[in-house]
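To keep things clear, I will list the structure first and then write my remarks on it.
Any value given below was found using the heavy atoms of this structure, including those in side chains, with hydrogens, waters and symmetry copies removed. Just so we're on the same page: letters track the sequence lines, and every chain starts at 1. Note that this is a predicted model, so its numbers are computed, not measured.
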There are 8 protein chains.
Amino acid sequence: MSFYVYLSGEIHTDWRDEIQRGAEAAGLDIVFTSAVTDHAASDAAGDHLGEESNPFWRDHKSSKVNAIRTKTLIEQSDLVVVRFGDKYKQWNAAFDAGYCAALGKPYVTLHGEEIIHPLKEVDAQAMAWATTTDQVVEILRYVTKA
Amino acid sequence: MSFYVYLSGEIHTDWRDEIQRGAEAAGLDIVFTSAVTDHAASDAAGDHLGEESNPFWRDHKSSKVNAIRTKTLIEQSDLVVVRFGDKYKQWNAAFDAGYCAALGKPYVTLHGEEIIHPLKEVDAQAMAWATTTDQVVEILRYVTKA
Amino acid sequence: MSFYVYLSGEIHTDWRDEIQRGAEAAGLDIVFTSAVTDHAASDAAGDHLGEESNPFWRDHKSSKVNAIRTKTLIEQSDLVVVRFGDKYKQWNAAFDAGYCAALGKPYVTLHGEEIIHPLKEVDAQAMAWATTTDQVVEILRYVTKA
Amino acid sequence: MSFYVYLSGEIHTDWRDEIQRGAEAAGLDIVFTSAVTDHAASDAAGDHLGEESNPFWRDHKSSKVNAIRTKTLIEQSDLVVVRFGDKYKQWNAAFDAGYCAALGKPYVTLHGEEIIHPLKEVDAQAMAWATTTDQVVEILRYVTKA
Amino acid sequence: MSFYVYLSGEIHTDWRDEIQRGAEAAGLDIVFTSAVTDHAASDAAGDHLGEESNPFWRDHKSSKVNAIRTKTLIEQSDLVVVRFGDKYKQWNAAFDAGYCAALGKPYVTLHGEEIIHPLKEVDAQAMAWATTTDQVVEILRYVTKA
Amino acid sequence: MSFYVYLSGEIHTDWRDEIQRGAEAAGLDIVFTSAVTDHAASDAAGDHLGEESNPFWRDHKSSKVNAIRTKTLIEQSDLVVVRFGDKYKQWNAAFDAGYCAALGKPYVTLHGEEIIHPLKEVDAQAMAWATTTDQVVEILRYVTKA
Amino acid sequence: MSFYVYLSGEIHTDWRDEIQRGAEAAGLDIVFTSAVTDHAASDAAGDHLGEESNPFWRDHKSSKVNAIRTKTLIEQSDLVVVRFGDKYKQWNAAFDAGYCAALGKPYVTLHGEEIIHPLKEVDAQAMAWATTTDQVVEILRYVTKA
Amino acid sequence: MSFYVYLSGEIHTDWRDEIQRGAEAAGLDIVFTSAVTDHAASDAAGDHLGEESNPFWRDHKSSKVNAIRTKTLIEQSDLVVVRFGDKYKQWNAAFDAGYCAALGKPYVTLHGEEIIHPLKEVDAQAMAWATTTDQVVEILRYVTKA
């Protein structure tokens with residue numbers, strides 16, 4: 001069986017590509033999934049269902065369409081990697097981590113040292129905290145080795 | 001049966017008191033619970049288990065001691081109110097919301113209009129979005145009326 | 001322990017009162033619960049959260065506030081009675097029945113003979129089909145006797 | 001992995017075909033399932049188990065045979081589309097929606113504007129409300145894109 | 001908290017009374033529950049819902065009304081005692097045992113040595129096999145002692 | 001996906017073969033599973049783990065080894081067929097039915113009219129009652145048709 | 001609501017008393033439970049069900065009678081404290097910890113520094129590691145404070 | 001479908017190889033999985049995430065990385081074999097057994113007669129106790145035969 005890894009969080013750096021390239025280089029049998037990472041497309045995911053004058057409802061509709069995808073992929077995954085960058089609120093990443101915690105789905109976090117304190121509840125339930133994508137690849141290599 | 005409400009999130013304003021006073025004034029049979037909201041005590045919750053030189057592990061130990069309390073209280077609640085203020089990262093609040101979502105535990109959010117967009121995934125799974133504590137009290141009054 | 005019975009469906013006749021009076025007359029130790037049955041109040045349950053120009057969103061907000069109440073009460077009940085009258089769509093009643101079926105929560109239906117065929121899927125998962133409130137009271141008397 | 005979509009509800013128009021053709025045209029890797037949509041066959045699904053003089057029991061037997069199929073297919077699906085037309089009671093569609101809600105299975109509704117109000121509880125738990133089959137196809141395209 | 005014990009199976013001897021008297025004599029804080037053990041009343045539990053010419057449907061209706069009671073009581077119990085006598089098929093007792101096994105609900109069996117072999121699958125999942133009601137009382141005394 | 005059907009109960013007639021031949025003749029994509037139906041082998045399933053002087057323990061060990069197989073196969077199945085013949089106690093068949101009921105796993109029963117009454121609790125939770133293997137094959141044909 | 005704490009593990013020192021006395025001294029509203037800690041009584045818990053010549057079956061019967069008690073108490077608890085002493089195998093303590101981990105039931109461990117390495121998998125899923133009973137009392141005081 | 005067997009416990013003898021060779025010799029369609037059994041690699045599984053001066057945290061990090069692998073493999077398995085040797089504490093093996101018990105995952109134990117008594121709680125929930133790898137292979141042959 002392949003190992004399924006869902007990559008959650010930050011969409012402004014290429015950390016997903018780095019992990020995927022690293023896994024490929026290591027010859028790992030892993031299927032990577034994630035939310036739609038095209039920011040504009042994601043914000044507009046519900047627009048075709050009718051225009052909204054109120055931005056709350058526009059966001060609401062798009063978030064729910066996105067959730068159809070993300071809920072299924074998270075539940076099908078064997079491991080979730082949750083990335084927190086140095087910008088933006090990223091509450092969706094913390095939300096995904098809480099979702100995993102309640103499901104008993106293992107997740108690891110990927111973030112810098114400067115945000116250890118505000119992430120302490122998220123890290124407390126994680127299986128590991130990594131600071132580099134190489135470390136994440138190494139975890140994947142280890143947990144999937146024959 | 002009393003109705004159990006867990007109050008999650010911001011600890012720097014007195015929103016919890018406002019809701020509790022409002023509920024009391026309305027004569028509602030509600031038991032309110034929350035994490036320990038004394039910031040210093042919460043950060044130090046694990047200190048008595050031994051000193052740590054590395055701040056990551058100090059946070060780790062305290063977060064887990066806190067989680068013994070919060071996990072139990074969230075799971076026992078009938079409704080969770082998740083408050084996002086205008087300061088700090090508040091990832092623990094988003095984490096609690098995701099935890100509720102996965103459990104199928106109803107929650108409502110309480111936050112200002114200026115953070116609608118970053119909270120869209122959190123709001124999408126909520127049963128309501130309130131901007132004032134009076135609105136929260138009104139929800140509680142409505143859902144618990146005979 | 002008291003026996004908890006949630007009364008779902010039609011709000012235009014006094015079938016709930018009939019069952020409650022019958023149970024009281026029989027001296028049964030039963031706690032009855034239901035959605036808020038004041039139609040106007042129910043439709044307006046979310047209005048205090050802000051006005052909506054689009055009727056879809058007004059309904060959406062009120063339905064979710066109502067769901068905080070109904071979800072909790074259904075899950076806490078030992079039995080659900082689902083009433084279908086001869087008017088209106090009553091999709092919420094069928095929705096509650098499906099919700100119960102998935103939870104493994106026992107429910108009985110209460111409806112006339114003329115709607116047997118369209119209710120066949122709902123009745124197929126029910127523990128009983130009653131046509132009068134007296135029959136429902138008799139079921140309650142039987143299942144709670146010492 | 002293919003994405004599994006269960007199509008629930010109305011059997012008198014060709015909305016299922018429209019969605020399937022649309023998905024095929026878009027090259028989506030989706031497996032569509034549904035109840036047996038041949039109305040006469042569905043009503044007669046239990047007839048081979050013995051004749052019934054009472055129409056209630058004929059319906060009962062057929063509904064349960066149908067439920068063997070539908071329960072399995074709904075539980076195996078990643079998304080359920082629930083269609084409400086402008087005729088008939090369609091309580092089975094609302095029942096399926098409630099069933100999904102309790103399982104935490106994502107569903108979207110497909111119906112016209114004129115029945116927004118009676119469907120408010122069903123829509124409140126849905127991930128989206130569509131009015132055309134093209135919109136459903138667009139949702140499917142979006143949530144399954146690589 | 002009281003300890004809840006559901007007494008399942010044979011209704012033709014007074015084994016339930018023996019256990020209850022023994023528990024009372026030992027001063028145990030136990031609440032005993034069971035199906036309605038008045039055989040005629042049990043067979044007729046659904047009769048008030050309308051007469052049936054076909055005995056299958058009469059049994060069907062009564063069994064389901066009984067199941068409203070038994071399902072709730074079994075799920076609320078801490079332990080189930082399943083009694084097999086030397087007469088009758090007693091498939092409902094074996095059914096209750098299987099139900100408990102799937103729920104992870106502990107049960108003990110109470111039966112004579114002459115039916116060890118046909119009960120081997122039922123005994124294999126039981127927490128104990130007793131041959132006398134005194135042994136059951138002793139188990140209850142032991143597991144509830146302070 | 002293939003449809004998985006577990007065949008539980010009587011091992012003294014060739015009803016399993018009849019159903020499998022019927023399904024094959026109808027071209028159905030079904031995988032049939034069952035307990036080991038070689039009676040002597042089944043009774044001796046635990047013998048290689050060491051001799052037992054007490055027949056209770058011999059049965060105990062064999063039943064548990066058999067349960068490794070049957071538990072997995074029942075849980076993987078989409079439908080269980082439970083057969084009651086006219087001989088023997090067949091408590092294991094009723095146990096399997098109760099196990100299915102608690103899991104929400106659909107099952108159908110296969111038995112003659114003369115044992116309707118003692119099987120009423122088992123039939124009450126079944127999706128259908130068949131008296132011939134042809135009827136079972138017809139159910140399988142219907143629920144798996146495209 | 002009282003807070004329920006199950007005390008698992010070592011029965012040769014008075015650590016349970018120390019914790020209970022400490023909690024009482026601190027005025028905490030906690031109900032403590034545990035297995036029967038009278039070693040001889042525990043080993044003999046199944047003896048009244050019939051003598052066994054093979055020590056394996058004697059242990060088997062007693063362990064299962066004990067499990068009726070411990071399973072219920074662990075599942076009802078809000079927190080489990082698992083104590084490992086410096087003698088004996090104590091596999092039952094590790095078993096209880098694994099049981100809690102799978103249930104998502106919070107537990108803390110209580111053991112000396114010299115067995116950190118062999119307990120690493122047990123500690124990895126724990127909410128805290130304490131070395132003294134005073135530390136455990138402090139955790140209880142913290143997590144139950146108003 | 002292949003049958004999945006997770007091999008838990010002792011890593012100092014070649015019992016895993018013996019079982020795998022035996023299964024292969026018998027032509028069984030079984031996929032065997034286990035934790036990483038290279039002791040040094042396992043202890044160092046988290047080292048690449050940063051050095052730790054405190055051995056507790058080094059063990060903690062490695063155990064959690066290992067748990068990503070073992071949790072997934074245990075949950076995917078159809079049967080777990082738990083081996084206890086004559087050396088070391090092997091609390092992780094007992095922990096895995098408890099984990100399986102709570103999940104309702106069947107497991108068998110493999111150990112010598114001299115440790116029957118300390119393993120009584122672990123054996124009490126097992127489906128079988130074997131003393132040789134040949135016996136385990138025979139169980140596998142039996143439960144997977146067509």
field: Side chain / backbone / both / neither for F:I139 at chain D, heavy atoms under 4.5 Å
entry: both
field: Members of residues 63-72 of chain D whose heavy atoms come closer than 4.5 Å to chain F
entry: D:K64, D:V65, D:N66, D:A67, D:I68, D:R69, D:K71, D:T72
field: F:Y107 versus chain D, the contacting section by heavy-atom distance below 4.5 Å
entry: neither
message: Between F:Q135 and D:H48 (side chain of the first, backbone of the second, donor and acceptor by atom type, cut-off under 3.5 Å), is there such a pair?
response: yes
Closest contact, heavy atoms only, D:S42 versus F:Y142: CA-OH, 3.2 Å
message: Taking CD in D:E114 as the centre, count heavy atoms belonging to other residues, nucleotides or ligands within less than 6.0 Å. Is the count above 12?
response: yes
- request: Check each atom of D:Q76 against the heavy atoms of chain F and say whether the ones under 4.5 Å are side chain, backbone, both or neither.
  value: side chain
message: Using 0.5 Å steps for rounding, measure from the CG atom of D:D47 to the CD atom of F:E138.
response: 10.0 Å
query: Relative to chain D, which segment of F:T132 carries a heavy atom at a distance below 4.5 Å: side chain, backbone, both, or neither?
result: neither
Proximity breakdown for D:A41 and chain F, heavy-atom pairs closer than 4.5 Å: both
